[in-house]
Protein chains: 2
Amino acid sequence: MNEGKPSKVQRGRLRKPATIDIVSRLERVDASLSPAERRVADIVTADYEMATRMTIAELAARAEVSQPTVTRFCRTLGCTSFSEFKISLATTLTVAAVYLRSERIFDDDAGQLAHTVMMRAAGAVRECLDQLDTAALGKAIDALAASHRIDIYGQGGGSAALVEDAKLRLFRLGLPVSAYQDGHQQRMSAATLRPCDGVLAISNSGRSKTVVEAVEIARSFGAKTVAITRPGTPLALSADIAILVTIAEGTDVKIPTPSRYAHMAVIDTLAAGIAKKMGDRSRDALRRVRYTLARIGVAIPTPSTDPTPLMPKHDTEE
Amino acid sequence: MNEGKPSKVQRGRLRKPATIDIVSRLERVDASLSPAERRVADIVTADYEMATRMTIAELAARAEVSQPTVTRFCRTLGCTSFSEFKISLATTLTVAAVYLRSERIFDDDAGQLAHTVMMRAAGAVRECLDQLDTAALGKAIDALAASHRIDIYGQGGGSAALVEDAKLRLFRLGLPVSAYQDGHQQRMSAATLRPCDGVLAISNSGRSKTVVEAVEIARSFGAKTVAITRPGTPLALSADIAILVTIAEGTDVKIPTPSRYAHMAVIDTLAAGIAKKMGDRSRDALRRVRYTLARIGVAIPTPSTDPTPLMPKHDTEE
DNA sequence: GCCGCAGATGAAACAAAATTACACGTATTG
DNA sequence: CAATACGTGTAATTTTGTTTCATCTGCGGC
């Protein structure tokens with residue numbers, strides 16, 4: 001339509017706001033808030049999620065203040081407008097708020113439940129990424145990629161699946177890898193390791209006696225030991241390279257712990273890093289694995305229910 | 001003015017929106033978009049961040065469509081208003097924005113790699129949540145919670161770990177559960193099932209011949225069968241209750257597939273739902289499991305490196 | 001004690017933004 | 001070749017947010 005005015009307005013609003021985390025800023029300026037603004041802050045902090053869905057009129061009504069006061073409140077927080085405040089809040093919120101409040105949401109239907117569980121899962125992965133020590137990760141990738149042989153240790157229910165998964169991830173790359181969940185086997189295998197070998201130990205609690213012992217045995221024989229565990233635990237202290245992950249456990253025993261997702265993510269990252277490091281060698285192995293699986297699909301034709309029996313389109317290996 | 005209307009409007013907006021992940025929804029409905037809506041989608045996907053800061057007029061101008069078209073676009077995406085769309089987008093953003101660009105980021109250091117892998121993982125879970133059929137989920141929870149005995153079937157590398165994990169989740173609740181990855185065992189076990197029993201089959205590809213057969217056998221004996229798989233696959237068609245999950249596979253073979261995270265999330269949700277359904281019965285089982293594990297911790301004192309050997313503070317079961 | 005000032009707050013006018021209603025054009029089908 | 005359905009834009013309307021200005025309150029100086 002015209003040219004001068006809109007562009008100026010645009011430039012102002014479309015610029016990325018300096019504010020990163022409204023929630024923490026809110027806490028920071030809390031002291032300098034006027035009484036009326038404080039009331040607004042109270043309403044907002046009471047339910048961030050809802051605050052993002054309210055209009056300025058609703059928020060004002062709830063806080064029992066006038067609408068201009070709400071606008072002023074937003075300005076105090078460093079936003080230029082109420083809408084910017086809402087967007088910033090929503091952006092800040094993402095996983096964190098839902099994740100934190102999740103204990104409460106628990107009682108409802110399957111949808112609510114799924115929301116809780118899955119947001120926690122996604123949150124755990126994110127949390128893990130936030131706190132990840134990339135230097136340690138890099139060293140772990142180097143160490144494992146250079147290993148002639150890799151042992152994976154884990155103990156306890158949750159770790160069983162993880163260890164199994166880790167084995168597959170590395171195995172697919174053509175690495176000679178073994179996984180042990182039994183304490184005796186762990187120690188026995190550890191005793192046969194050599195300096196050119198590697199160990200990957202997985203334990204959320206970091207207190208599994210057999211795993212820690214096996215790691216120490218492996219170290220005494222010169223093998224490089226990598227641990228995925230919680231900081232400050234025996235396992236973290238005894239491994240050469242510790243990849244530390246702290247995930248807040250929910251208090252509700254009925255929801256499975258989300259830390260598994262974080263561990264799995266670390267394992268995947270290790271696997272991807274090793275694959276990259278190994279370059280063509282691993283790619284070749286991966287190709288051969290896929291090819292063979294596809295061939296098996298051909299050799300054993302699936303029953304009539306299968307629409308495309310000859311060549312599975314999707315990830316044959318699952 | 002009047003009294004009935006405003007409250008109704010309020011109620012509508014403050015209700016939590018069904019939409020969880022706008023970005024993945026946007027991709028999913030892409031085909032059913034009209035030309036003008038497509039143009040809006042293009043502008044939005046070009047820069048999500050900026051989209052959250054734009055007014056409807058700006059967005060319309062950029063997409064070269066009228067403002068009502070933008071509103072219609074939002075409705076198509078399941079939002080009731082443009083503002084809701086913006087908020088949903090902003091909420092989605094932090095996780096999803098990077099997730100989408102992830103293929104490109106791949107070549108760098110360990111940090112970059114971790115970012116890619118983990119964002120994909122978190123994205124997979126979110127994507128899963130967004131497309132989840134909660135009705136099917138609810139039915140699955142009911143069916144499994146009512147089962148006297150539960151068999152879990154899966155085949156192939158990736159599923160092995162998942163099946164193991166699923167077994168543990170249900171086992172912890174005090175349910176009599178068995179997991180089989182071997183085809184023969186699956187069929188044999190399926191043949192011993194009765195109408196009061198349940199089956200949980202897990203397969204991303206949905207084409208595992210043995211799993212499909214085992215499910216069909218189980219059904220023929222009257223057991224309730226639940227499948228977690230991809231839509232339109234043989235497994236999805238043969239199970240009583242199909243929980244369908246479509247996760248885009250990455251093109252880079254070196255990065256492990258993120259669909260496992262989604263499956264795990266579904267399993268966790270099932271477990272949480274069953275736990276809730278069973279109420280005190282499962283809580284008791286969980287408590288006993290934890291207690292016993294703690295006792296074992298006492299009976300086998302950990303070495304001196306362990307700061308708190310008597311009573312592990314964190315999740316002893318991992 | 002009272003005047004005047006500074007800051008906080010709300011009412012109301014105003015401006016911006018979003019939605020609705022409606023009309024027009026195009027494609028599709030009987 | 002209607003008739004209908006669909007997609008789209010224009011314009012009116014409603015909703016939402018911001019600015020302006022008046023009022024109130026508390027506080028210090030005269």
Side-chain angles (χ1 to χ4, degrees), chain A residues 1-2 4-14 29 31-44 50-90, chain B residues 1-14 17 29-44 51-90:
Chain A
M1 282 171 193
N2 48 28
K5 197 190 62 179
S7 75
K8 208 173 70 183
V9 172
Q10 258 184 19
R11 220 174 279 136
R13 182 151 24 69
L14 296 182
V29 301
S32 61
L33 253 42
S34 75
E37 286 177 331
R38 171 75 38 82
R39 285 218 295 286
V40 177
D42 286 346
I43 299 296
V44 172
M50 177 155 287
T52 63
R53 313 261 164 212
M54 287 196 276
T55 66
I56 199 169
E58 283 158 3
L59 183 51
R62 276 174 198 249
E64 297 180 311
V65 300
S66 67
Q67 288 171 231
T69 301
V70 176
T71 298
R72 289 176 198 124
F73 166 80
C74 298
R75 301 265 158 84
T76 309
L77 255 56
C79 302
T80 59
S81 69
F82 178 66
S83 350
E84 189 182 304
F85 165 74
K86 283 211 300 190
I87 294 293
S88 295
L89 187 59
Chain B
M1 283 171 196
N2 47 27
E3 48 292 306
K5 201 186 58 179
S7 73
K8 208 173 70 182
V9 172
Q10 248 185 27
R11 222 175 279 135
R13 181 150 25 67
L14 295 183
V29 301
D30 196 55
S32 61
L33 253 42
S34 75
E37 286 177 331
R38 171 76 37 82
R39 284 217 294 287
V40 178
D42 286 345
I43 300 296
V44 172
T52 62
R53 312 261 165 210
M54 286 195 274
T55 66
I56 199 169
E58 283 159 2
L59 183 52
R62 276 172 197 249
E64 297 179 310
V65 300
S66 67
Q67 289 170 234
T69 300
V70 176
T71 298
R72 289 176 198 123
F73 165 80
C74 299
R75 301 265 158 82
T76 308
L77 255 56
C79 302
T80 60
S81 69
F82 179 66
S83 356
E84 188 182 304
F85 165 75
K86 283 212 298 189
I87 295 294
S88 295
L89 187 58

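Lettering of chains follows the sequences in order, A, B, ..., and the numbering in each one begins at 1.
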Original post:
Can you name the nearest heavy-atom pair linking Leu89(A) to Ala51(A), along with the distance?
Top reply: CD2-CB, 3.8 Å

Nucleotide N/O of nucleotides 18-21 of chain C paired with protein N/O under 3.5 Å:
from, atom 1, to, atom 2, distance (Å)
dA18(C), OP2, Ile56(B), N, 2.3
dT19(C), OP1, Phe82(B), N, 3.0
dT19(C), OP2, Thr71(B), OG1, 2.9
dT20(C), OP2, Arg75(B), NH1, 3.1
dT20(C), OP2, Arg75(B), NH2, 3.1

**OP:** Send over the distance from Leu59(A) CG to dT18(D) C1', rounded to a whole Å.
**Re:** 15 Å

**OP:** Look at all strands and tell whether Val65(A) reaches a base, only sugar-phosphate, or nothing, counting heavy atoms closer than 4.0 Å.
**Re:** sugar-phosphate

Subject >> Qualifying salt bridge (charged side-chain N to carboxylate O under 4.0 Å, His left out) pairs, either residue in residues 64-77 of chain B, two or more places apart >> reply: none

Original post:
Ile87(A) has an atom CD1; how far is it from atom P of dG17(D), in whole Å?
Top reply: 11 Å

Subject >> Separation of dG9(D) P from Glu37(B) CD (nearest whole Å) >> reply: 11 Å

Original post:
So, for Leu33(A) and Ala41(A), which heavy atoms are closest and what is the spacing to 0.1 Å?
Top reply: CD2-CB, 3.8 Å

**OP:** State, with a plain yes or no, whether a side-chain heavy atom of Phe73(A) is found less than 4.5 Å away from one of Leu59(A).
**Re:** no

Subject >> Student check: side-chain heavy atoms of Arg38(B) and Asp42(B) closer than 4.5 Å >> reply: yes

**OP:** Rounded to the nearest 0.5 Å, what's the gap from CD on Glu37(A) to OG on Ser34(A)? Could you check?
**Re:** 3.5 Å

Subject >> Nearest-Å distance for atom pair CD/P, residues Glu64(B) and dT8(D) >> reply: 14 Å

Original post:
Between atom CZ in Arg53(B) and atom C1' in dA17(C), what is the gap in whole Å?
Top reply: 17 Å

